[in-house]
Amino acid sequence: MRLLLVEDDPLLGDGICVGLSQAGFVVDWVKDGLAAKLALETGDYALMVLDLGLPRLSGTELLKWLRGTGDNTPVLILTARDTVGDRVRGLDAGADDYLVKPFDLDELAARIRALLRRVGGRSTPLIVHGSVRVDPASRRVTQAGAVVDLSPKEFAVLLDLLENAGRALSRERLEQSIYGWGEEVESNAVEVHIHHLRKKLGAELIRTLRGVGYLIDKGS
Ligand code: CA
């Protein structure tokens, strides 16, 4: 799951990057509003964490622009204490949730999961598909009650496919979602993860659509 973090404070940004990576997210970090705009125009993000006080283009202006383009990417804004006005302007500009600094990194990760759940139309944290159960919070996967050990990348591929069940995802799309900027991507990395997932979870779960990508059917 690939997220965009927009935060100009180097220490805080670094801390958030580390915390969210440990929570299993891929994070692209930019430090001003214009860089964020460029990233949003070229990348495909599941969610944006947005500081409001930013150089070059404020978080609120960026948010207004984004919503003006019809983009519904969920946005969680970060605001300073004692700035109710900022928070209200941010929410009015189209933010979906907010956290007041200083905040706990575990809470940030939990809020992000909750937002992604809401966007995916799920009210329960568990994703159930046939005999496969996935808990995005603990990153625990079971099949018919037995725990299945997945690497972090395998988990990311599985989660992305499950959250988009019924829709084919291209290899490029999956690469984007599981690798951050500057991470070396082997040309057949996605194929290898899919291969391992099929070995661990059964060959029929993930279908290959030639020339299109990979698909998990909508199921119960
Ligand atoms: Ca700031």
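One-based numbering, in listed order, for ligands and for the atoms of each. The residues of the chain are indexed from 1 along the displayed sequence.
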Could you pull out all donor-acceptor pairs under 3.5 Å where a side-chain atom in residues 143-152 meets a protein atom, sequence neighbours excluded?
unit_1 : atom_1 : unit_2 : atom_2 : d
Gln143 : NE2    : Leu201 : O      : 3.0
Ser151 : OG     : Glu154 : N      : 3.1

Show me the donor-acceptor pairs, under 3.5 Å and distance only, between side chains in residues 95-104 and residues at least two apart or in other chains.
unit_1 : atom_1 : unit_2 : atom_2 : d
Asp96  : OD2    : Arg67  : NH2    : 3.0
Asp96  : OD2    : Val75  : N      : 2.7
Asp97  : OD1    : Arg111 : NH1    : 3.0
Asp97  : OD2    : Arg111 : NH1    : 3.2
Lys101 : NZ     : Glu7   : OE1    : 3.2
Lys101 : NZ     : Asp51  : OD1    : 3.0
Asp104 : OD1    : Asp106 : N      : 2.8
Asp104 : OD1    : Glu107 : N      : 3.3

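Side chain of His129 to backbone of Asp217: a donor-acceptor contact under 3.5 angstrom is found.
Within 6.0 Å of the CD atom in Glu186, the count of heavy atoms belonging to other residues, nucleotides or ligands does not exceed 12.
Note on residues 162-172: pairs passing salt bridge (Lys or Arg N to Asp or Glu O under 4.0 Å), not counting sequence neighbours, are Arg122-Glu163, Arg171-Glu175, Arg171-Glu191.
Distance check, rounded to the nearest 0.5 Å: CD of Gln176 to CG of Asp44 gives 6.0 Å.
The Ca ion (ligand 1) has Asp8 OD1, Asp51 OD2, Gly53 O as protein N, O or S atoms under 3.0 Å away.
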